[in-house]
Every structure is written in C-alpha cells, then in structure tokens.
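Down below is the structure, laid out as structure tokens.
Count residues from 1 along the sequence. Quick caveat, the model's predicted, so the values are computed rather than measured.
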Amino acid sequence: MKVWLSDLTYTQQSIASDTVPAAIGMIAEYLEKKFPQIPKTKLFKFSEDLSAELKKDQPDIMGFSSYMWNTSLSDIFMKRIKEIFPNVITVSGGPNFPSDEVEQFEYLKKRPWIDYVVVKEGEHAFYRLVSELINKSSIEIISDLPNLVFIKNGKFYRHKKIERIMDLTEIPSPYLSGKLDSFMDGKLLPIIQTNRGCPFTCTFCTEGQGYWTKVKVKSTEVVAGEISYISRKMNSLERSKKRTDFYIADSNFGMYKEDLNTCKALAAEQKKTGYPKYISVTTGKNKQDRILEAAKIVNGAMKITGSVQSLDPEILENVSRKNISSTQIVDMALQSSKIGTHAFSEVILGLPGDTTEKHFNTLKTLVDSAFTSIAMYQLMILSGTELGSEATKKKYKMKTKFRVVPRCYGTYEILGKKVSIAEIEEICVANSTLSFEDYLECRKMNLVIQIFFNDGVFEEILFLLRKLDISVWDWLSKIYENSKKSKFKKFNELLQDFVDDSEKELWTNFEKLREFTRKLDNIDKFIKGELGSNLIFKYKSRSYTLDLENISDIAIFTTKQILAEKLENKSDLYEFVEDLINYKKCQVKGIFEGIPSIKRNFKFDIPKFISMKHSITESINLEKFKYRSDMLLNFKLNEFQVDQMKFYKNLFGITLEGISRTLSRVYVKKFFRFVDGEGAIRSEDFIDNNSRRLTGDLDSI
C-alpha cells in the first residue's frame, strides 16, 4: 500500500507558502510508526515534483492538505488523478472545510474527486482510515471512524465523534527522523509546533471552536532536539542559501511555562551558532509577564504580537473575544520597548459592528502606544469558522466579495493536461454599520500607516514628535488630510491608485472569477504582477521606490505644519526636520536596485541624533547637533546588506511585486544605507521579519 502526502504550494511567481511541510511529515511519521511494514510515505511540497512523480508511479492513497492558500491547487490535482487513476483513493484534510453539516455535504457534492475528508487533527484519524482501507473494510465500518466525512453512493456520512490526540509525544518528530531533510535547502522556512490548541473562542478563527480549547504540549526534549537539528541543517548551507529565520506555529506562544524552555533552547543555539536571528511567532493574548520573559531569553529575536483586532467593546463581544485583555496587550507593547524588542499589533477591518470611527480609534490607540508595527487585515471569511457561516453573515448584513489570493496562482501540467488555477478568498467589504465607501477610506488610512509608521522608516520623526508631546496619530491624520490637497497631487495619485486597485480586485460572483482564472492568458497577468498583488505591500514598495520624493515632500510639509500649530520658535526645527527626512531618503533611495552609495550635504549631525535619541531625557537642544558648516555625508551599503539584498533579489526579483514580497519578509530598515564610518550594520544585527503564516499571514493584508 503506497501512501503519498502533499502540502502543495504555488511557485511560478515565488514560493507562496514557503514553510517546510512539517504537518504532513508528522502524519507520515505517525502512520509509519503504526504500520512499519508499509513502504515509506512520500512527501510533496512543490506541484512540479508531484507532477513529475505521477508520470513515473502512482500511489494507492493520496492525501492533500487544504488551506485557504492551496485548496484549489489540491482540488485540481485530485480531479486529474481521479480521471487517469480512478482507483487511487484521495483524502483531503486541513482547516479549509465547513463545520456546518449541510455546508459540508454541499462542499463534497461539488467535489466528487474527494473520497474522504479528515477533519480537525489528522495523524490518528488518517492512520485509522488507512488501516481500514488496507483491511478492505466495509463502508459501515469506515463510516464509524471519528474525524471523517465523505459521500459514498450518493449517501452522506459524517461521524459525530471528533477525537484529539491527548499526548503529543505519540507523534514522532519528522525532523529528527530525517524525513524533512530534502526540504531543508534554504528555500523553505523551518517550522515547528510546540503545542496545539487555543483557549480563546474568536469567531473569525478556525481554532475558535470548543474542540481546540484544551492546549496539548509537546515534550520539551523533542522541541529542543528539533531546534538543534534545524540549526545544524541551516548552518550547513552555503552562505547565499542560508535562511536566518525560524517559525513556531503555536497560536499563543509565551503563555505557557514550557515556552520558556523552548526559548532557552533557542537562546543556546543563538549563542552557539548564531541561528536563528529572527523567530516568527504569534505570542499569547494574556500572561504578558511570561511573554516578555520569553522575548528577553531570545535576546529580542521575536516580536511581541499584540493582536487586538479591535479595541471597541461591542465589536469584541460580537466576535466572542471578551476573555482577552486589550488593556494588557497595549501595556505589553510599552514593556517590550523597555527590553529592546519589537511590538507588533493586528487589526481587522470589517468585523461585526465596525465603523470608520471605531477603526480609526483603535488605530489611534495603537499608534500612540509603543507598538512599532500594525498589520491591518481585511476580514477573511474562512471555512470552518462561526463568522463564516451563512447565519452570521445574515445576522450582521455582511456584504462579501471575492478576490484572488496573492501569489497563489499558476499553470501546471498534470498527467498530460495543462491547467490554470488560482486560489480565491471571500472577504467582507461592508456590513450593517460599515459602508463600502467607508471601508475604502479605512483602507486608504491603512496605507498611510503602512508607509509612514510601520517598520521605523520615519522613526526619527516619530521620536521627535513624541519628544515634543505631539501625537503621532495627529501627524498621520494630517498626512491623510493633506493628501487631498492639490499641492500633493502625486501622493494623492498613489493613494487613489491603491483604492482603485482595491476595488478592481474584488469580484461579486465567485464562479465568474473562477472562470477568469482558468484562462492561461489571465494567469500570466497575475504571474507578471499586472493583477493579483498584495496591494498594501505593492504600494508600500512603490512609495519607497517610484514615489520616494512624493512621500518625503508630504512628510516634510506635514511635520512643519503640525510644529507651527503646536510650538512657537520653529525655524531651526524646520531645518532639522528637512535634514531628518533627507537623511532617510539617502538611506532608502535605490537600495532595491543595488545603488551602493549616495552623498549629500547636511546642516545637522543626524547620525549623532540617531545614536543619542533613546538617551535624550531633557528637551531637545538642536545646538548639540548642528555642524559649524555643512557636512558632506557618504551613505553606503555594507557587504552583508549587499549579500542579503542579492539573496532576496534572487528569491523574489526587484519588480514591485518582488519588492513587496521582500518587504513582507524583512525589517526594511535593516537594508538602509549607513553613513561611512558611523556604525555599520553587522550581520548579527540583521533580523528577518517573516511574520504571518497561517492565521496571521501578512499576505492577507
């Protein structure tokens, strides 16, 4: 009995889901532990590899993962396999499946190529299914298996019992066995899971159901062994192929005492080998002291995730998020700044009860706190969530539309047939309290925050404003208002192009969009970046390249404007502001094109200000920073920055789409040029920003 498992991803624009397929690795390990006599399970991540193998061989059982970023890709493979090899048994599993019984039946009726669906945890349920299939058991026996849904001979089977694995030590590690070695070549991000489950009940999340309430923890020894093994593998790669990031797939990392042991194991590897430099993780919603301790242990290599989604009490009640302390989340950002780590928050636009005022108020609180970045998501309607049910949509009069998921499209040859395919997601663009026009205005403000607040691109201006007791939100709001003035026509065009593209990407009819994406010419447009980009990162990329002068102009004007309103003696400050922003332009201009150096004259010693800004306790005395005469500064990229830029250029390219992909992966300021002789960035300071996998995917922004 040959069993193959796949966790497919799109690759024709870039690797869309660039994580090591550890989940199917665990299913394979568990199966082989129970059935050591069957052939080793084959694992597939790349569609091209699976297509090539199908030309040479065929499995008896073929399993496919189903996430919002690969369900259609898995479907098209299952459909084609069934056409050529009708006796192959196809099994689907993953969170992208309805929880309602009627919706499950309709889902499977439309997909006759799926023989079985495993719901919730896959390891034990898949083993039980394979066991009965090997024994050629009857449909009656198979239908009595837990975690299984299927249609046979027109009859719908859905077992009421949904089991969980109570002891995660039952699942052998696919890393320690070497099963995942072929995927550890630097293209994919190493990912582990130290626990399963989530105590919270958020209605927009696939883990917000009672099934996942109890959290099960993996053995500390196994976790430490996996970290050490992955570190050795990454450090054995050539410098040009070496990834420096690491992903932990837990839903609430840092909330549990075992997480501190994980951090100690990571810190030991950091000290011994320098890996990992960045740990991508979603930290917990409560237990802030333990989370901060975890961040300290790993030397600030992980960002604190303060996922508020909204700070409005009515909205939080509507989505069953009452058991999460928003006040503690905001306070945790302040504490994180004291220990030198970054604080990252998340907000979802369009939740039930949302309005422009409520959305802006949430953003204002986060901006004026100590968060360094805010991810502003649109409300995705996910299968298997309470919010995704037809009843909830009707209750809140949710208006939804469809769009293609960024980078999740391609054309593949499968068993002699060429097919074009794309993933399509449903998002909420209006509800009973938020109009579509208001939704677009909120998106425009989201882009302003992405450009001027996130990632510390204008951090010196932000520090200056805070030092002068001027609200950063007031500054951002003025930029938003000033964008409407004819004086800033070019910047307004940037925002308007973003809004226009936001409208154009939305389709009212799912079937029409699916038909559109089945045409080769249209898929080519997506691959070339003409359609389907992650818009907020595309326009952020444009702002730092084609529109750098325009965003600098409005930043200078708005800063002077707000200083004029708040202060009296401003002349030196005006010159200082111009130097601050021109300094930033010299750091940023042409870095993605690889321009090695830029020179410019300055009136003020900006490097000195930057080095001292966190230690300035008294009011700012500009005389401390003023040169006796204009000083010519030379801005350069160091060798490590050049190497890293080449790495991401080779990985994603330098089109706007490619730069967008890079910006979704790194702290852009780590690429900024430094002034010759003024504290070059060391390689150990370079930190990847690989955030948003799964429910926190930045590509959903």
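- The side-chain tip of K589 does not point at the ring of F592 from less than 6.0 angstrom away and within 45° of straight on.
- For the pair K45 and L188, the minimum side-chain heavy-atom distance is below 4.5 Å.
- Residues Q450 and Y539 have side chains not in contact (no heavy-atom distance under 4.5 Å, counting atoms from C-beta outward).
- Side-chain contact between F671 and L637: absent, with no pair of heavy atoms (C-beta onward) separated by less than 4.5 Å.
- Remark: side-chain polar atoms of N492 are not paired, donor with acceptor, to backbone N or O of K484 under 3.5 angstrom.
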query: Under the side-chain contact (heavy atoms from CB on, under 4.5 Å) criterion, do E493 and F488 qualify, and how do the steps go?
result: CA-CA 9 Å; E493 286 177 1; F488 300 108; over 6 Å; no
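- Under the 3.5 Å distance criterion, the side-chain polar atoms of N638 are matched with a main-chain donor or acceptor of F640.
- D7 places no side-chain N or O within donor-acceptor distance of the main-chain N or O of A23, the cut-off being under 3.5 Å.
- Checking side-chain atoms of K187 against main-chain N and O of D18 turns up no donor-acceptor pair under 3.5 Å.
- Geometrically, K399 engages F436 in a cation-pi contact, judged by NZ or CZ lying under 6.0 Å from the ring centre and within 45° of the ring axis.
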task: Test side-chain contact (heavy atoms from CB on, under 4.5 Å) on F360 and C442 and set out the steps.
output: CA-CA 8 Å; F360 278 32; C442 289; 4.0 Å; yes
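- Of the options F453, F452, F463, Y583, a ring-ring contact (aromatic ring centres under 6.0 Å, His included) to F458 is made by F452 and by none of the others.
- Residue K649 places its NZ atom among 12 or fewer non-hydrogen atoms of other residues, nucleotides or ligands, all under 6.0 Å distant.
- Between the side chains of W475 and S471, not a single donor N or O lies within less than 3.5 Å of an accepting N or O.
- Residues E505 and V404 have side chains not in contact (no heavy-atom distance under 4.5 Å, counting atoms from C-beta outward).
- Using a 4.0 Å cut-off between a side-chain N of Lys or Arg and a carboxylate O of Asp or Glu, R542 and D497 qualify as a salt bridge.
- Residues passing the ring pair (Phe, Tyr, Trp, His ring centres under 6.0 Å) test with F402 are F510, sequence neighbours excluded.
- One finds the CG atom of N550 at 10.5 Å from the CD1 atom of I451 (value rounded to the nearest 0.5 Å).
- Side-chain atoms of N70 do not come within 3.5 Å of backbone N or O of L73 as any donor-acceptor pair.
- In this structure, the separation between CG on N522 and OG on S420 is 8.5 Å, given to the nearest 0.5 Å.
- Side chains of Y275 and I230 form a contact here, defined as non-hydrogen atoms less than 4.5 Å apart.
- Remark: aromatic rings of F516 and W507 are close, center separation under 6.0 Å.
- Side-chain contact check for K358 and N361: no donor-acceptor pair (N or O, by modelled atom type) lies under 3.5 Å.
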field: Worked verdict on F371 versus S373 for side-chain contact (heavy atoms from CB on, under 4.5 Å)
entry: CA-CA 6 Å; F371 285 103; S373 290; over 6 Å; no
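- Side chains of D250 and T282 form no contact here, defined as non-hydrogen atoms less than 4.5 Å apart.
- Between I421 and I523, the shortest heavy-atom contact is O-CD1, 3.6 Å.
- Atom CE in M380 sits 12.5 Å away from atom SG in C428 (nearest 0.5 Å).
- With no hydrogens or angles considered, a side-chain donor-acceptor pair links Q496 and D500 at under 3.5 Å.
- A donor-acceptor pair shorter than 3.5 Å cannot be found between the side chains of Y247 and Q193.
- Of the possible polar contacts, one joining the T517 side chain to the R514 backbone as a donor-acceptor pair under 3.5 Å is found.
- Residues S597 and K636 come closest through the heavy atom pair CB-CG, 4.0 Å.
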query: salt bridge (charged side-chain N to carboxylate O under 4.0 Å, His left out) between R239 and D643: does it pass, once the steps are laid out?
result: CA-CA 9 Å; R239 180 174 174 177; D643 284 347; 2.9 Å; yes
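- Under the side-chain contact (heavy atoms from CB on, under 4.5 Å) test applied with M398, the options L434, V429, I381 reduce to a single match, I381.
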query: What do the steps show when you test D312 against H359 for side-chain hydrogen bond (donor to acceptor under 3.5 Å, both in side chains), and what is the final call?
result: CA-CA 8 Å; D312 181 77; H359 186 66; over 6 Å; no
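- Under a 4.0 Å N-O distance rule, the pair K490/D547 does not qualify as a salt bridge.
- Within 6.0 Å of the NZ atom in K489, the count of heavy atoms belonging to other residues, nucleotides or ligands does not exceed 12.
- In this structure, L379 and D354 have side chains that are not in contact, with every pair of non-hydrogen atoms separated by 4.5 Å or more.
- How far NZ of K478 is from OG1 of T559: 11.5 Å, rounded to the nearest 0.5 Å.
- Using a 3.5 Å distance cut-off with no hydrogens or angles, the side chains of W69 and T9 do not pair a donor with an acceptor.
- Formation of a donor-acceptor pair under 3.5 Å by the E346 side chain with backbone atoms of Q309 is not found in this model.
- Using a cut-off of 4.0 Å between Lys/Arg side-chain N and Asp/Glu carboxylate O, R403 and E425 are scored as salt-bridged.
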- request: List the steps, then state whether side-chain hydrogen bond (donor to acceptor under 3.5 Å, both in side chains) holds for S66 with S74.
  value: CA-CA 7 Å; S66 179; S74 294; over 6 Å; no
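- The two residues L351 and V319 make their nearest non-hydrogen contact at CD2-CG1, 3.9 Å.
- The two atoms that bring V347 and L363 nearest to each other are CG2-CD2, 4.2 Å, heavy atoms only.
- Within a 6.0 Å sphere centred on CD of E530, other residues, nucleotides and ligands contribute more than 12 heavy atoms.
- Of the inter-residue distances, the one linking E357 atom CD with T362 atom OG1 reads 10.5 Å to the nearest 0.5 angstrom.
- For the residue pair D438 / S435, a side-chain donor-acceptor distance below 3.5 Å is found, with atom types taken as modelled.
- A salt bridge does not link K519 to D521: none of the charged side-chain nitrogens sits closer than 4.0 Å to a carboxylate oxygen.
- Going from atom OG of S502 over to atom OH of Y439 covers 6.0 Å, rounded to the nearest 0.5 Å.
- Nearest heavy atom pair, residue Y10 against residue R407, reads CB-O, 3.5 Å.
- Residues D524 and K528 are not paired through a salt bridge, judged by the lack of any N-O separation under 4.0 Å between the basic side chain and the carboxylate.
- Under the 4.0 Å criterion applied to side-chain N and carboxylate O atoms, K444 and E441 are assigned as salt-bridge partners.
- Nearest heavy atoms, D245 versus P276: C-CB, 4.5 Å.
- A salt bridge links D501 to K538: at least one charged side-chain nitrogen sits closer than 4.0 Å to a carboxylate oxygen.
- One side chain, T11 or E48, offers a donor N or O that lies under 3.5 Å from an acceptor on the other.
- For Y409 and E423, the side-chain atoms include no donor-acceptor pair closer than 3.5 Å.
- Between S47 and L8, the closest side-chain pair of non-hydrogen atoms falls below 4.5 Å.
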